[in-house]
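What follows is a single structure, written as C-alpha cells, with notes after it.
Here the structure is a predicted model, which is why all the values come from computation and not from measurement. Chain letters run A, B, ... following the sequence lines, proteins first, then strands; residues in each count from 1.
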Amino acid sequence: MAKAVALPVDFDADAVVVARALIGVTLLVHRVGGVIVETEAYDQRDPASHSHSGPTLRNAAMFGASGHAYVYRSYGIHWCLNFVCREPGHGAGVLIRAIEPVHGIDAMRERRGMDDLRLLCAGPGRLGQALGIKPAHNGKPLHAPPFDLRAATVAPTLAIGPRIGISKARDNPWRFGLAGSPYLSRRF
DNA sequence: CCTGTGATCAGCT
DNA sequence: GCTGATCACAGGC
C-alpha cells in the first residue's frame, strides 16, 4: 500500500493544537526559510478570526481543505501566511508569525532590503516578504512545492501568551513561541 | 523606553 | 466611512 505524503503535523485538529505543534517545524518556500518560532491560532468561534463571519472572497481558503495555505493582505500592504486546519467548512487557521532564518538567508536579505538576522522574519509581514509570499500561494497545498515542511528535531520549550495586534478576544492565550528565541516578533 | 503617523485596501456598517 | 491578524520611521522622555 502506498504511503501517503506525510506532513510533520496533523492539520485535522483544533487551531490551538496545530499552532502548538508547529513550533520547531522547519518551513521552506522554494527552499528558503527556517524554523517556525512563533504562531497564533484563529478558529471560527473566535471574533478575532477572519473566518468568524463566514466565507468571503478573501478568506475562502480558510474554508477549504486543511493542510493548505491561506494568504491574506494585511493593512493593504503586507502578505501574511496561514496554515488551514480542521475540517473543510469550519474555517480555522494558524498564522505563522516568525521563523528563525536558516536556509537561503542571502535571498531573504535581498527581498527584505536589510541585513539584521533578528529582523528578517520576526513578524508576519516581514516573514511574508522574506519568503516571497504572494497571492499565488493562497490555497496551495503544504505537502508539495513550493512548500516544504520538515519535522522538528527536538521537542521545543513553549512560551504561551495573548495574541498580538487584535482588539477582540484579547485574553485568549493563543500565541505560541519557542521560549527564549531571539527571532520572535515580540517577547512573551 | 515610549507614542504617533503614513502607507494602502478588503470587508463591514 | 472606518477598522484592521503590520511595519518603518520620526520624535519625546
Side-chain angles (χ1 to χ4, degrees), chain A residues 11 14-23 25 27 29 33-34 36-64 66 68-86 90-101 108-140 142 158-178 181-188:
Chain A
F11 286 100
D14 287 341
V16 168
V17 172
V18 175
R20 296 179 66 111
L22 281 169
I23 301 300
V25 170
L27 162 65
V29 182
I36 297 171
V37 297
E38 185 180 339
T39 61
E40 282 177 359
Y42 291 89
D43 79 31
Q44 197 168 353
R45 292 177 301 279
D46 165 23
S49 173
H50 289 172
S51 61
H52 183 65
S53 302
T56 64
L57 199 52
R58 173 172 74 158
N59 68 16
M62 289 188 88
F63 293 87
S66 66
H68 288 234
Y70 163 49
V71 173
Y72 73 94
R73 190 161 215 186
S74 176
Y75 290 89
I77 299 176
H78 309 287
W79 294 105
C80 299
L81 175 65
N82 297 250
F83 295 164
V84 177
C85 56
R86 270 182 145 229
H90 183 80
V94 174
L95 173 66
I96 311 303
R97 286 195 57 91
I99 67 174
E100 173 185 342
M108 291 193 275
R109 284 185 162 138
E110 182 88 27
R111 288 170 179 153
R112 292 273 294 117
M114 53 91 74
D115 287 342
D116 189 346
L117 214 61
R118 297 171 63 125
L119 295 178
L120 267 194
C121 306
R126 292 164 172 164
L127 183 156
Q129 185 180 27
L131 298 190
I133 297 300
K134 304 184 302 280
H137 294 122
N138 190 39
K140 287 256 168 94
L142 300 174
L158 293 185
I160 304 174
R163 295 171 295 178
I164 292 179
I166 57 169
S167 56
K168 303 168 196 163
R170 283 187 142 152
D171 295 336
N172 294 344
W174 291 349
R175 175 180 178 230
F176 302 94
L178 180 61
S181 171
Y183 302 102
L184 300 171
S185 68
R186 277 169 54 172
R187 305 263 168 209
F188 278 76

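Proximity note for A/I164 (side chain, C-beta onward) versus C/dA5, C/dA8, C/dT6: the nearest is C/dT6. With distances taken from any side-chain atom of A/R126 to the nucleotides B/dA10, C/dA5, C/dA8, the minimum falls on C/dA8. Relative to the side chain of A/L57, the nucleotides C/dA8, C/dT6, B/dG11 differ in distance, and B/dG11 lies closest.
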Can I get a per-line list of side-chain donor-acceptor pairs under 3.5 Å for residues 114-137 of chain A, giving both atom names and the distance, sequence neighbours left out?
{"residue": "A/D116", "atom": "OD1", "partner": "A/R118", "partner atom": "N", "Å": "3.0"}
{"residue": "A/R126", "atom": "NH1", "partner": "A/A122", "partner atom": "O", "Å": "2.8"}
{"residue": "A/Q129", "atom": "OE1", "partner": "A/R112", "partner atom": "NH1", "Å": "2.9"}
{"residue": "A/Q129", "atom": "NE2", "partner": "A/R111", "partner atom": "O", "Å": "3.2"}
{"residue": "A/H137", "atom": "ND1", "partner": "A/K134", "partner atom": "N", "Å": "3.0"}

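The separation between A/D116 atom CG and C/dA8 atom C1' is 14 Å, rounded to whole Å. Regarding A/K168, its NZ atom lies at a distance of 12 Å from the P atom of C/dT3, rounded to whole Å. Computed from coordinates, the A/D46 CG to C/dA5 C1' distance equals 10 Å when rounded to whole Å. Rounded to an integer number of Å, the gap from A/I133 CD1 to C/dT6 C1' is 16 Å. Protein atom CG of A/D43 is 15 Å distant from nucleotide atom P of C/dA5, rounded to whole Å. Summarising the geometry, the separation between CD1 on A/I166 and P on C/dA5 is reported as 8 Å, rounded to the nearest angstrom. For A/L95 and C/dG4, the CG to C1' distance is 13 Å, given to the nearest whole Å. Rounded to whole Å, the distance from CZ on A/F83 to C1' on C/dA5 is 15 Å.
Between A/R112 and C/dA8, a side-chain N or O to OP1/OP2 separation shorter than 4.0 Å is present. Side-chain N/O atoms of A/S167 include one lying less than 4.0 angstrom from OP1 or OP2 on C/dG4.
To the nearest 0.5 angstrom, A/I36 atom CD1 is 4.5 Å from A/F83 atom CZ. The distance from the CZ atom of A/R97 to the CG atom of A/L22 is 14.5 Å, given to the nearest 0.5 Å. Taken from CZ in A/R163 to CG in A/D46, the straight-line distance is 4.0 Å, to the nearest 0.5 Å.
At a threshold of 4.0 angstrom between heavy atoms, the contacts of A/R163 with the nucleic acid are absent. Heavy atoms of A/M114 sit nowhere under 4.0 angstrom from any nucleic acid atom.
Taking a pair as Watson-Crick or G-U wobble with both distances under 3.5 Å, DNA chain B forms stems of 3 or more consecutive pairs at B:1-7 with C:6-12, B:9-12 with C:1-4.
Near DNA chain B, meaning a heavy atom under 4.0 Å away, the residues from residues 69-82 of chain A are A/R73, A/Y75, A/G76, A/I77.
The closest donor-acceptor contact from the side chain of A/R20 to the backbone of A/V16 lies at 3.5 Å or more, if one exists at all. For A/S51 (side chain) and A/G54 (main-chain N/O), no donor-acceptor pair under 3.5 Å exists by modelled atom type. Using a distance-only test at 3.5 Å, with no hydrogens or angles considered, a donor-acceptor pair links the side chain of A/T39 to the main chain of A/A19. When atom types are taken as modelled, the side chain of A/E38 and the backbone of A/I99 share no donor-acceptor pair closer than 3.5 angstrom. Side chain of A/D43 to main chain of A/A15: no donor-acceptor pair is present (N/O by atom type, distance under 3.5 Å, no hydrogens or angles).
Nucleotides B/dA10 and C/dA8 have their P atoms positioned 22 Å apart, rounded to a whole Å. Using C1' as the reference atom, C/dA5 and B/dC2 are 23 Å apart when rounded to the nearest Å.
Taking the six-membered ring for Trp and the full ring otherwise, A/H50 and A/Y72 have centroids separated by under 6.0 Å.
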